[in-house]
Amino acid sequence: MRVGFVGFGYWGPNILRNLDRLASADVVVACDLNPSNLVKLQAAYPHIETTGDLDRMLSDYELDAVVVASSAPSHAAIASKVLEAGKHCFVEKPLTLASADAKRLVDLAAQHDRVLMVGHLMVYHAAIEWIRGYIESGELGEVRYLYFQRLNLGKVRADENSFWSLAPHDVSVALYLLGEAPDSVSASGADYLRDGVHDVVFANLHFPSGRMANIHVSWLDPHKVRRMTVVGSKKMLVFDDMEATDKIWIYDKGVEPADAMAYGEDLTLRFGDIRVPYVKLSEPLAAEMGHFVECCRTGATPRSSGIDGLRTVQVLEATDASLVANGAPVAMEVDER
Ligand SMILES: NC(=O)c1ccc[n+]([C@@H]2O[C@H](COP(=O)([O-])OP(=O)(O)OC[C@H]3O[C@@H](n4cnc5c(N)ncnc54)[C@H](O)[C@@H]3O)[C@@H](O)[C@H]2O)c1
């Protein structure tokens, strides 16, 4: 498969490293508007041609697919060109900055019968895959609610708030694990460093099933935290992505109806063992790129499809709307895609 690549900035080199290693794909050309980034790319990958001209890349290289890791404001225009040229397209998160553009991309991919995949990296994390299987097995019981914390000091951005920068990962995992999209979002936060750019956000996603996900992101925090807690009716689970190996902790804890003999109490707390399951870890980006190439080859729908990208952008938009409305719940648009 002949693949083109766009956007060799901060994140792009990580993607290209994994893409270029795949035996099933040949990266033949790369495009970036910044000539100095193309010089760096050429030095690291002498076998890849470089250009600053996307149109020429799409017309001259007989590409099957293009991987886009340029900055978010450019995603909609670049991905439209790629799909209109009849190529499969991978786009880094967030898919676009507006849901209207994301819808257009989903429609373009369908019209041209091409794969559209978004870089929701966490759904390719072996631990998240393990947790999804664990939830499906019923061991955790019914998922009641979950919450995410993604906190650090920096990287402070000017062109997007902390929720757009950090939360696409958590939103995509919430939707992936729960298998449904929220019907409303409410959020509060604060912009301490730059007017109108929220440094810290607490968002509540409410789902049609009644379940709830809370997402707390900040780039103004003393701790580096990347954690998810899932509270089930039988057990509780913590995923700590800052742990090197022991990332999943399962707590056999809960609250149950008291037995008839318990005097004066109608609920009993249950405390049991803590289990740390062994999960074979691998680089999520390698899995993500391998999955994209495989979907292009087979025509399968990606685990993080254009529609998943659209749903996540809709949550990000609803969060912005709620922040502006001082935390009032914002109903999510329901479409039948
Ligand atoms: N999955 C993750 O964990 C993760 C982490 C960081 C960034 N990202 C995403 O990766 C993308 C890139 O982020 P970044 O931090 O590397 O940005 P960046 O600004 O460092 O790099 C973007 C690159 O794209 C190039 N570019 C911009 N517009 C272009 C265009 N129209 N045509 C060709 N090249 C163009 C720029 O010259 C630059 O080299 C963003 O969507 C970001 O959200 C994902």
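Just so you know, these numbers come straight off a predicted model, no measurement behind them. For this chain, numbers begin at 1 and follow the sequence in order. In listed order, ligands and their atoms are each counted from 1.
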Has Trp249 got more than 12 heavy atoms of other residues, nucleotides or ligands less than 6.0 Å from its CH2?
no

Does atom CD (Glu256) have a neighbourhood of more than 12 heavy atoms from anything else shown, all under 6.0 Å?
yes

Problem - Between His125 and Phe239, ring centroids under 6.0 Å - result: yes

Exactly one of Asp320, Asp159, Thr319 clears side-chain hydrogen bond (donor to acceptor under 3.5 Å, both in side chains) with Trp164, and that residue is Asp320

Which atoms of ligand 1 sit under 4.0 Å from any heavy atom of [X]?
{"X": "Ala69", "answer": "11 (C), 12 (C)"}
{"X": "Asn34", "answer": "37 (O)"}
{"X": "Asn37", "answer": "38 (C), 39 (O)"}
{"X": "Ile78", "answer": "30 (C), 31 (N), 32 (N)"}
{"X": "His75", "answer": "41 (O)"}
{"X": "Ser74", "answer": "28 (N), 31 (N)"}

| field | Side-chain (Ser304) to main-chain (Met117) donor-acceptor, under 3.5 angstrom | value | no

Smallest heavy-atom separation, Pro302 atom then Leu116 atom, equals CG-O, 3.8 Å

Residues Thr96 and Ala76: closest non-hydrogen pair is CG2-CB, 4.0 Å

May I ask you to identify the nearest protein heavy atom to [atom], giving residue, atom name and distance to one decimal place in Å?
{"atom": "atom 42 (C) of ligand 1", "answer": "Lys93 O, 3.6 Å"}
{"atom": "atom 26 (N) of ligand 1", "answer": "Ser70 CB, 3.8 Å"}
{"atom": "atom 37 (O) of ligand 1", "answer": "Asp32 OD1, 2.5 Å"}
{"atom": "atom 4 (C) of ligand 1", "answer": "Trp11 CE2, 3.3 Å"}
{"atom": "atom 21 (O) of ligand 1", "answer": "Gly9 CA, 3.3 Å"}
{"atom": "atom 20 (O) of ligand 1", "answer": "Tyr10 N, 3.0 Å"}
{"atom": "atom 10 (O) of ligand 1", "answer": "Glu92 CG, 3.4 Å"}

Where's the contact between [X] and ligand 1, heavy-atom distance under 4.0 Å: side chain, backbone, both or neither?
{"X": "Leu33", "result": "both"}
{"X": "Ala77", "result": "neither"}
{"X": "Ser71", "result": "both"}

Taking the cut-offs as 6.0 angstrom to the six-membered ring centre and 45 degrees off its axis, would you call Arg2 and Tyr61 a cation-pi pair?
no

In the structure I gave you, are the side-chain heavy atoms of Leu175 and Asp308 within less than 4.5 Å of one another anywhere? no

Quiz prompt | Asn204 side chain near Tyr145 side chain, heavy-atom distance below 4.5 Å | solution = no

message: Would Leu54 count as a contact residue for ligand 1, given that I'm defining contact as a non-hydrogen atom of the residue lying under 4.0 Å from a ligand atom?
response: no

Does ligand 1 have an atom under 4.0 Å from some heavy atom of His169? yes

Using a strict 4.0 Å threshold on nitrogen-to-oxygen distance, state whether Arg297 and Glu294 make a salt bridge.
yes

